[in-house]
Amino acid sequence: FVLCPPANDRWHPWPFLRRLYDAAVILKSEFVILLEPDNTIHGRIKATPEFDAGGLRVKERSFAGAEYVQNLARERQPGFKWTRENQEAGLCGGSYYRSAAVLDA
């Protein structure tokens, strides 16, 4: 990996997304897993992930821009519906991303 200069990722997500993209390119694996410093690994993945991304469920979370995101997704996949349950996926430390989806985004 190459050094990525420090950035305030809370305000500008580009550096984080670039590191995720670079990892998908370099690792050439089916999935990239995001771990934060307080995450620990206790064993192998027990089941192959079913979706392109997933993480911890955060009950009752929703997004103000959900309709905007859903419309963007419909340009790629007509009829796409971003359900309330989908919005509860916490894509934080311990989340996974299918490399092909990262590279296509």
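The residues of the chain are indexed from 1 along the displayed sequence.
Enclosure of atom CZ in Phe51 is not indicated, since only 12 or fewer non-hydrogen atoms of other residues, nucleotides or ligands lie within 6.0 angstrom. Residue-environment remark: CD (Glu60) stays at or below the threshold of 12 foreign heavy atoms within 6.0 Å.
Here Tyr96 pairs with Phe31 under the ring pair (Phe, Tyr, Trp, His ring centres under 6.0 Å) rule; sequence neighbours left out. Under the rule for a side-chain hydrogen bond (donor to acceptor under 3.5 Å, both in side chains), the partners of Ser95 that lie at least two apart in sequence or sit in another chain are Tyr97. In this view, Arg61 satisfies the salt bridge (charged side-chain N to carboxylate O under 4.0 Å, His left out) rule with no residue, not counting sequence neighbours. Residues passing the side-chain hydrogen bond (donor to acceptor under 3.5 Å, both in side chains) test with Thr83, sequence neighbours excluded: Asn86.
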**Request:** Starting from the C-alpha separation in whole Å, work towards a yes-or-no answer on side-chain contact (heavy atoms from CB on, under 4.5 Å) for Ser62 and Arg84.
**Result:** CA-CA 7 Å; Ser62 63; Arg84 180 74 177 215; 3.6 Å; yes
**Request:** Please assess Leu35 against Ile41 for the test side-chain contact (heavy atoms from CB on, under 4.5 Å), listing each intermediate value before the final yes or no.
**Result:** CA-CA 9 Å; Leu35 296 174; Ile41 300 172; 3.6 Å; yes
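Between Ile33 and Ile45 there is a side-chain heavy-atom pair separated by less than 4.5 Å. At least one side-chain heavy atom of Val25 sits less than 4.5 Å from a side-chain heavy atom of Leu103.
The list of side chain to side chain donor-acceptor pair (under 3.5 Å) pairs with a residue in residues 46-57, not counting sequence neighbours, reads Asp52-Arg98, Arg57-Glu88.
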Listed pairs under 3.5 Å, donor-acceptor, residues 67-78 side chains, sequence neighbours left out:
from	atom 1	to	atom 2	distance (Å)
Gln70	OE1	Trp82	N	2.7
Asn71	ND2	Glu67	O	3.3
Arg74	NE	Phe80	O	2.7
Arg74	NH2	Phe80	O	3.2
Arg76	NE	Asp104	OD2	3.1
Arg76	NH2	Asp104	OD1	3.0
Arg76	NH2	Asp104	OD2	2.5

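Residues near Trp14 contribute nothing to a hydrophobic cluster around it, because no ILVMFWY side-chain heavy atom sits closer than 4.5 Å to its side chain.
Not a single donor-acceptor pair under 3.5 Å links the side chain of Ser99 to the backbone N or O of Ala24.
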